[in-house]
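Report on one structure; see the data block that follows.
Lettering of chains follows the sequences in order, A, B, ..., and the numbering in each one begins at 1. Just so it is clear, the structure is predicted and the values come from calculations on it, not from any experiment.
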2 protein chains.
Amino acid sequence: MSIKLTSKQRKVLEFIYTFLENSGFPPSISDLKEELNVSSNQSVLNFLYILEKKEYIKREGGQARGIKILPLGYREIGKNPLIKMAGISAGGSYVESFVNAFSFFPLAEKVLENEKINESKDRVFVIQVAGDSMINAGIDDGDSLLIKESKEYKSGDIVIARTDAGTTVKRFIADGGKRYLQPENPAYEKMIIIPGEVQFQGKVILNLSKINK
Amino acid sequence: MSIKLTSKQRKVLEFIYTFLENSGFPPSISDLKEELNVSSNQSVLNFLYILEKKEYIKREGGQARGIKILPLGYREIGKNPLIKMAGISAGGSYVESFVNAFSFFPLAEKVLENEKINESKDRVFVIQVAGDSMINAGIDDGDSLLIKESKEYKSGDIVIARTDAGTTVKRFIADGGKRYLQPENPAYEKMIIIPGEVQFQGKVILNLSKINK
DNA sequence: CTTGACAGTGTAATAATGTTCATATAATAT
DNA sequence: ATATTATATGAACATTATTACACTGTCAAG
């Protein structure tokens, strides 16, 4: 048996990778069956058997979704192993998607100097926004924001705030004794901050989506 | 509801991470049940429900092992998202374990200068050895080796070779027209290289396990 | 002293997932 | 020509995993 992959076998490997990237866990036999447009489990098992024998993947028998991509597998399809990425809703719903740090770090590097970020000292991360509650601040649905954790938050800062209702990006307003989370879209209402019930995760220092355009 | 975690809740989160690290896929309810020493699925579901509500994880309902750790979750337990690591058998069996690149790169950094490795140009990676076929070359069971991909392999190089029988670490010997993979343990026999049936993955440039001692 | 959050038990139903066996066809290599 | 490899099909079966429901107990805060 050749140790090289046929194009179909590679396609299977690539799908496992893609599924893993999108889901955070490997595909089941059924997932693969559907993707490959075959009607029998055995067809899928054949491919998995071959991929395992050739050391592109490793299966954990009997366990649901028990597939790992091995280093050889990652190399074969020219991908890096996965790390995931933060995503939050500007509208207030939950953290949804992920970050691929490999795609993130190269991007950030160019930018870190300008923003005077000390990589080893400052904690920065990227989130992806879902929702339109900040459109008037130039933050659209799907934008990626570079976030920095901070010790103090000043009135006017655009912040990532975590509340019982979810994590959200809003402008922080301190008006005398009152503190608000203020959307930048007239269709949304501001939220009064109840002490102890809101945690600031960091402040927005850059809209990466706007930079890349 | 507070958005902080109790120690037990954190323990669950940590186990999900650990499981993911060891397996490459998330734990099932049963896996968690066993770990937490509870006898009811509902106990586990309670924890998952809370962790999801607090945005440390996200569940994909109805799907086996449908758990993702969210960025907040990683931060809570002070871990990085996972990437995995190569491991191979010196005795000839398959690639088994993984590399955590976060633990690998800091280690390698100290070493790369000495070895004159050009990080952006050279492809290097780490493997973990299983087996004793190279003990007389100072490579023991469990050692981590720094490997570099190369264009040419000279007789005498200790190489990572992939064959139909598996991936293995051996000394490469070219003796006239004959080519061998030579173990460094009299208990093992040398292997004749059949052209086209062996791929060199790289050569051993350092035994990291010996350096750290 | 009641409410709510937290932690737990147990059973049963249902859905999702993986394994095995028995066959088949076309392409490729020897 | 013949054997092997790669790609399929389909059904039966076994196992793993998730969900739902009904209850119990502890503990801290108001």
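- Between A/Ser39 and D/dT9, a side-chain N or O to OP1/OP2 separation shorter than 4.0 Å is present.
- Atom CG of B/Leu48 is separated from atom C1' of D/dA17 by 12 Å (rounded to the nearest Å).
- For A/Asn185 (side chain) and A/Asp132 (main-chain N/O), a donor-acceptor pair under 3.5 Å exists by modelled atom type.
- With D/dT18, D/dA17, D/dA6 as the candidates, the nucleotide lying closest to the side chain of B/Asn41 is D/dT18.
- Nucleic acid contact class of B/Ser28 (heavy atoms, under 4.0 Å, all strands): sugar-phosphate only.
- Put simply, B/Arg59 has a side-chain N or O that comes within less than 4.0 Å of OP1 or OP2 on D/dT19.
- For the OP1/OP2 pair of C/dG8 and a distance below 4.0 Å, the side-chain nitrogens and oxygens of B/Lys8 include at least one atom meeting the criterion.
- Of the side-chain N and O atoms in A/Gln9, one or more sit less than 4.0 angstrom from OP1 or OP2 of D/dT7.
- Atoms CG (B/Leu51) and C1' (C/dA7) sit 14 Å apart, rounded to a whole Å.
- Between B/Asn46 and B/Ser43, the side chains place no donor N or O within less than 3.5 Å of an acceptor N or O (distance only, hydrogens not considered).
- Among the nucleotides C/dT19, C/dT17, C/dG8, the one closest to the side chain of B/Ser43 is C/dG8.
- OP1 or OP2 of C/dA7 has at least one side-chain nitrogen or oxygen of B/Thr6 nearer than 4.0 Å.
- Each of B/Ala64 and A/Leu45 was matched to the nucleotide of DNA chain C holding its nearest heavy atom; the match closer to the 5' end belongs to B/Ala64.
- Remark: side-chain polar atoms of B/Lys54 are paired, donor with acceptor, to backbone N or O of B/Lys4 under 3.5 angstrom.
- Note on A/Gln63: only backbone sugar-phosphate atoms sit closer than 4.0 angstrom, heavy atoms only; bases stay farther off.
- The nearest heavy atom of DNA chain C to B/Asn37 and to B/Gly62 marks one nucleotide each, and the one closer to the 5' end goes with B/Asn37.
- Between the side chain of B/Arg65 and the main chain of B/Pro26, a donor-acceptor pair closer than 3.5 Å is present.
- At a cut-off of 3.5 angstrom, the base of C/dG8 holds no donor-acceptor pair with the side chain of B/Ser40.
- Taking the six-membered ring for Trp, A/Tyr153 and A/Phe172 have ring centres at least 6.0 Å apart.
- Side-chain nitrogen and oxygen atoms of A/Ser30 include none within less than 4.0 Å of the OP1 or OP2 phosphate oxygen of C/dG18.
- Comparing C/dT19, C/dG10, C/dC21 against the side chain of A/Gln42 picks out C/dC21 as the nearest.
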